[in-house]
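Everything numeric in this text was worked out from a predicted model, so none of it was measured. Every chain is numbered from 1 and lettered A, B, ... according to where its sequence line falls, protein lines coming before strand lines. Side-chain atoms are counted along with the backbone in the values below, which use heavy atoms only and exclude waters and symmetry mates.
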Protein chains: 2
Amino acid sequence: MHNVEKHKKQMNKPARKSRSGARGSITIKDVARYAGVSPMTVSRVVNGSQYVSDATRQTVLQAVRQLGYSPNIAARNLASARGERMGLLYGNPSASYLSEFLVGALDAATRHGVQLVLEKCELTPAASRRAVRRLVAGGVVGVVLPPPLCESAVIRAELQAARMQIVAVAAGRPPADLMCVRIDDFAAAREMTRYLLALGHERLGFIKGHPNQTASEERWRGFVSAVEEHGRLPAPRVEQGFFTFRSGLDAARKLLATEPAPTAIFASNDDMAAAVMAEAHRRVLEVPHDLTVVGFDDSLIASTIWPGLSTIHQPIAQMAGEAVDMLVTAVRGGKRGAAGEAPHRLVAHELIARESAARPKGAAD
Amino acid sequence: MHNVEKHKKQMNKPARKSRSGARGSITIKDVARYAGVSPMTVSRVVNGSQYVSDATRQTVLQAVRQLGYSPNIAARNLASARGERMGLLYGNPSASYLSEFLVGALDAATRHGVQLVLEKCELTPAASRRAVRRLVAGGVVGVVLPPPLCESAVIRAELQAARMQIVAVAAGRPPADLMCVRIDDFAAAREMTRYLLALGHERLGFIKGHPNQTASEERWRGFVSAVEEHGRLPAPRVEQGFFTFRSGLDAARKLLATEPAPTAIFASNDDMAAAVMAEAHRRVLEVPHDLTVVGFDDSLIASTIWPGLSTIHQPIAQMAGEAVDMLVTAVRGGKRGAAGEAPHRLVAHELIARESAARPKGAAD
DNA sequence: CCCCGTCTTGGTATCGCTACCATCCTCCCG
DNA sequence: CGGGAGGATGGTAGCGATACCAAGACGGGG
């Protein structure tokens, strides 16, 4: 209070609010008038400039609060040449993935004041071309590429031809010249496998992911790595899957038909893990008592079904947000970096232990 | 071509593109200069005004295409007082629901040039209050309310106190004074039940939805209605569920333990239906040969699992889009309609027949 | 042949904000 | 005690588009 008076910044108290634009909303000028400063100062306060005295800042902040001022993004974007459009090209990842992804991306977009444009795209070259054309027509300057689209060389080529900035998300093993946000699929799969081994499982089954995604191979490598570092195990049973429930069902059928059957099955994603659980039930095997099942992704189904699936969690929303951050930086910085290294960001995954994993039946308790 | 020359609109062909703002992008003025018309005319063409001659329109359109012009949304919003912020308050609907919802909402938002602000909110009064406060602080003027939040009187009250426009989506039986987009849960459930009856099922089981959602009751009423209109059936078995997989599992256990067991079970949503299938498998019942299972919502899980779940599809993205349309209309039209009837929009649902439903075992083929 | 209404088109003034520069004040150092 | 560095503030000029009004062009009725 003292500060305020000393600095002669007193609140004017005009009875009527918002009389300026007649458009109803409060503008920066209203706040300026109310706080007895210039619009520029208000702008500085709102944007966190250091060149404002504390006293003034407080006065302005109070005025903002009292008037319920919120800056007009359109004007702000216009004046500061922000508000670029960013594209989000999505294929058909699982809906739960997309959902979280959207939340994260949209949040970051709002924070940066950029607009997010969604575009759906099949994996065919023709569809890619069409999608990219639509993005270009929409004035999009950068694109976020969630899986599985980030694996498509065609789409990347199309986008690069259109001189778009690209950030791939969650590609297993991305090219070095592509900006990318991802988890370490290798380390995560290794960690999960170690977890199974630590529980005492020795007869392991593994269901691989779709061969056209590099993440599949990374997860497989992680599994193998843990098995090898443990040593002295019977050779694990392996089946090829394609990330779908159906393919998981087929794989599970084969794995459980072998004799002796695995005591733990690690599926490369949750959909397939859920299928393993379904097949186990049909064979009247209790999960986790008779069979341990774990997945990867922590997708919706993992926590929907019962017992809950132990799996690897990716902070999808956070990753999407960082991808947008990265894109904004790249676009604003204008860093068409000399074709060399592009920024890669590795975020932490997390092993979520739910009810689907336990010690094998024979094990000492 | 003749038209063009007659009207003296010839393309100037300045070699260099985009020289104005040095900000890189092409502005309306560039196009105007290139096409030899005034910026206003370009604006009219781009916005589809009727007061432009065909010849001029063509010239301008070509200029737009050649220059790759795309209007600056920020400027447009600023000049035309658009670009309002709309909120999307989401609780924890299934992720797949949210995902589709976001896609539809975001698309509509982009179309209208409004910004979409996401806000997560638990169902407690405190959390609601906080969420609403954040929305207000964010300058949001209208809110879309997907289920289950649209059922919360607390949230509605909070929002109304903040003088927000509200559109509820998919509330089963919404108050008349609330703008709303939904399907006819009653009719849909009746249709599904008739479908089961038409297949020849007579011993039916039904799992109710969460009692705090009006949609649950509507679906139940639809089921009852179809059963009654058919007449002469053994009384259906009914269990209370809560829309979760776990609750479906419990309900299924009870339903399948009765003697004689139902030949068809209608769960009030897909998660519970999936649980019924899981429980059936554990009892070594083949779906659909030994038991028919149907759900409601066509959520992700319905098409993920095998056999695929027959269910009721809601056009979620479309509904979200219409909700945003409605909100924009309400906000721009300033229709604080006299507390009476608010617009309700009923969209068509669709019965999706997948593999989980078939004639009962005993039935003549 | 004039006048007026309708179709087209162009100017001008913002919209709300920030970039940029000018200014003024304060305080420190020689 | 003067000069200068740098903090704090204000003024001005747009950003790129549309709203609104004014003004030509054109054709038909009196």
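- Close to C/dT9, at under 4.0 Å from its OP1 or OP2, lies a side-chain N or O of B/Thr56.
- Judged by distance alone, the side chains of B/Gln318 and B/Glu322 do bring a donor and an acceptor atom under 3.5 Å apart.
- Nucleotide D/dG14 holds its C1' atom 9 Å from the CG atom of A/Leu78, rounded to whole Å.
- In this structure, the nucleotide among C/dC17, C/dG10, D/dG10 sitting nearest to the side chain of A/Thr27 is C/dC17.
- Straight-line distance from the CD1 atom of A/Ile26 to the C1' atom of C/dC15: 16 Å, rounded to whole Å.
- In plain terms, the two heavy atoms of A/Leu327 and A/Gly142 that are nearest each other are CD2-C, 3.7 Å.
- Between the NZ atom of A/Lys29 and the P atom of D/dG10 there is a distance of 15 Å, given to the nearest Å.
- Computed from C1' positions of five pairs at each end, the angle between the two local axes of the helix from C/dC1-D/dG30 to C/dG30-D/dC1 equals 50°, rounded to 10 degrees.
- At a cut-off of 3.5 Å, with distance as the only test, a side-chain donor of B/Arg85 or A/Ser70 sits close to an acceptor on the other residue.
- Distance A/Ile73 CD1 to C/dG16 P: 14 Å, rounded to the nearest Å.
- Put simply, A/Ser53 has a side-chain N or O that comes within less than 4.0 Å of OP1 or OP2 on D/dT9.
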Protein-nucleotides 18-23 of chain D N/O pairs under 3.5 Å:
residue, atom, partner, partner atom, Å
D/dT18, OP1, B/Asn47, OD1, 3.3
D/dT18, OP1, B/Asn47, ND2, 2.6
D/dT18, OP2, B/Ser43, OG, 2.3

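- Checking A/Tyr34 against A/Gln66 by side-chain atom types alone, a donor-acceptor pair falls below 3.5 Å.
- In the set C/dC17, D/dG16, D/dA8, D/dA8 carries the atom at the smallest distance from any side-chain atom of A/Tyr51.
- Rounded to an integer number of Å, the gap from B/Asn72 CG to C/dG16 C1' is 14 Å.
- Only one option out of A/Thr110, A/Val103, A/Leu102 pairs with B/Leu118 in a side-chain contact (heavy atoms from CB on, under 4.5 Å); it is A/Val103.
- A donor-acceptor contact under 3.5 angstrom links the side chains of B/Ser53 and B/Thr56, judged on distance only.
- When rounded to the nearest whole Å, the span between CZ of A/Arg33 and P of C/dC17 equals 12 Å.
- Here the side chains of A/Thr59 and A/Val37 are not in contact, with every heavy-atom distance at 4.5 Å or above.
- A/Glu158 has no carboxylate O lying under 4.0 Å from a charged side-chain N of A/Arg133, or vice versa, which leaves the two without a salt bridge.
- For the pair B/Ile166 and B/Leu145, the tightest heavy-atom approach, listed with the atom from each and the gap, is CG2-CD2, 3.8 Å.
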